[in-house]
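Okay, structure first, notes after.
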There are 2 protein chains.
Amino acid sequence: MEGSGRLLIMGGAAGPALLVRFVELAGGPGAHIVIIATASESPETAEAAYAQRFAAAASVRPLRLSTRSEANAPGVEAVLRAATGVFFTGGDQERITGVLGGTATDSLLHQLVAEGALVLAGTSAGAAMMSGTMITGGDRPGVAADSVRTGPGLEFLPGLLIDQHFAQRGRLNRLLSAVARYPHELGLGIDEDTAILTDGNCFEVLGSGAVTVVDAGAATEIRVPPAGPIALTGARIHVLPAGYTFHLTRRGPVTGTRDPERERAA
Amino acid sequence: MEGSGRLLIMGGAAGPALLVRFVELAGGPGAHIVIIATASESPETAEAAYAQRFAAAASVRPLRLSTRSEANAPGVEAVLRAATGVFFTGGDQERITGVLGGTATDSLLHQLVAEGALVLAGTSAGAAMMSGTMITGGDRPGVAADSVRTGPGLEFLPGLLIDQHFAQRGRLNRLLSAVARYPHELGLGIDEDTAILTDGNCFEVLGSGAVTVVDAGAATEIRVPPAGPIALTGARIHVLPAGYTFHLTRRGPVTGTRDPERERAA
């Protein structure tokens, strides 16, 4: 089924093509979009801005969730059940996990995504919270254990550690630090105006930038001292632009899946 | 022989420990240091600053080479033959290759390094010029072929592509772009206050940061379109702090070479 269990995870600063793609995945002219701007400091502004960008949908409405009681309120269920697409804005990912974590909204979103009833999208903080483990801070340069802080995300996509604004903010060091510490987690760095679209155990890359996958699974030696630089030898790295597909549990790119349009253009 | 063919390549902003190590490698209280500040826009200032930092040596003198005729002047030979250590300051690496490239100074330095007559050190631009291929520009975010410019260095260490101020300026993307384009070259990103010290086919990491090695040799697919993001799958990455040794022609870390001091401290 189109949209079954699908997540569209954007690295921030998404351009019109990605936002249009979200509306299409949610049903195009028949799409019913719900915007959740919990991460944002000024949710009104974020809601209004995205409502305008999603104007091609049949309906767009904000769902204001600023407190845990709002996220547990009975009225939420009808709003989410009517939606074909839910969009989480950027801001602070810890506001999302703090306000929504474990609430009725959290549970229902997981259920609706699993049923394929809606496409769940998020950008920036709305992307970070999708992963099993999210990076909550640490833009200090250097590959050190104390240069990055992590915490559990809402786990729509377990086994992953997602970082956003990746190339634009030069964040590979903090992603390397995080996967050195938690080598089970695949590290995904998503550039701005770039997204992954999940489909079962795979994701496809969309947008104008690249997704960098850091895999410490093959690393021969990992040392994470309490302070100072980490050591990490033999890790793997993949840089994947639009059209590439990556298999999450096989931890490798799927070959022969490039977009033929892109082949011709290149 | 102590110092035979040794290069000490620093990623910029070297602290006292690295600078003292250079003087020790050059003979300690018997060291005769020559400072070449060709890369610097104000060589007097750079010469004076390093002369003070190398005060523990028996002698320190600047060798002012601002033009190709100065680099071809007969007087240079006696100065370099008397040196046990030569230090290249930071600035613009293209000034070094433009002024020194192919001159008598260039040839004599290669000869004296090969004979083990002196230790050749450089920081920042003075590090970049050591490699076979140096990055000459491009700090634009994103992993794109046009996000990085390269040119030949003075090739004291062929087969390498050295980038400096690595973690501090978030330069992994440009290093990835460069090795995707030239996968024969091992990409080395040296952090500030961090250095590699070569010994034959190996280098050891010194200093407070890490050296990141990017190896596109094992990559299964590399695509470098004229514009837009590159694709690079299955590349290897190593993050090596002080005490680690890397074998350049085997393209891998040497195991069991960690500094026991560091082991105890960790």
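Labels below follow one simple rule: chain letters A, B, ... track the order of the sequence lines, proteins then strands, and each chain is numbered from 1. Worth knowing before you read on, the calculation uses all heavy atoms, side chains too, and leaves out hydrogens, waters and symmetry mates.
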Exercise. Could you give the distance from CG (A:N173) to CG (B:D191), rounded to the nearest 0.5 Å?
Worked result: 6.5 Å
Problem set entry | Evaluation steps, side chain to side chain contact (heavy atoms under 4.5 Å, CB included), between A:T233 and B:V239 | CA-CA 6 Å; A:T233 67; B:V239 181; over 6 Å; no
Seminar exercise, completed: Sorted by chain and residue number, the salt bridge (Lys or Arg N to Asp or Glu O under 4.0 Å) partners of B:D193 (sequence neighbours excluded) come out as none
Exercise. Looking at B:G252, B:P253, B:G234, which has the largest count of heavy-atom pairs under 4.5 Å with chain A?
Worked result: B:G234
For this session: Output the distance between atom CZ (B:F166) and atom CG (A:L172), rounded to the nearest 0.5 Å.
Result: 7.5 Å
Problem set entry | Heavy-atom pair of closest approach, residues A:P229 and B:A210 | CB-CB, 4.0 Å
Exercise. Minimum heavy-atom separation for B:P241 to A:A231, with atom names?
Worked result: CD-CB, 3.4 Å
For this session: Check the pair A:I237, B:D215 against side chain to side chain contact (heavy atoms under 4.5 Å, CB included), reporting the backbone distance first and the verdict last.
Result: CA-CA 10 Å; A:I237 187 165; B:D215 179 5; over 6 Å; no
Exercise. In Å and rounded to the nearest 0.5 Å, what is the CZ to CG distance from A:R223 to B:L240?
Worked result: 12.0 Å
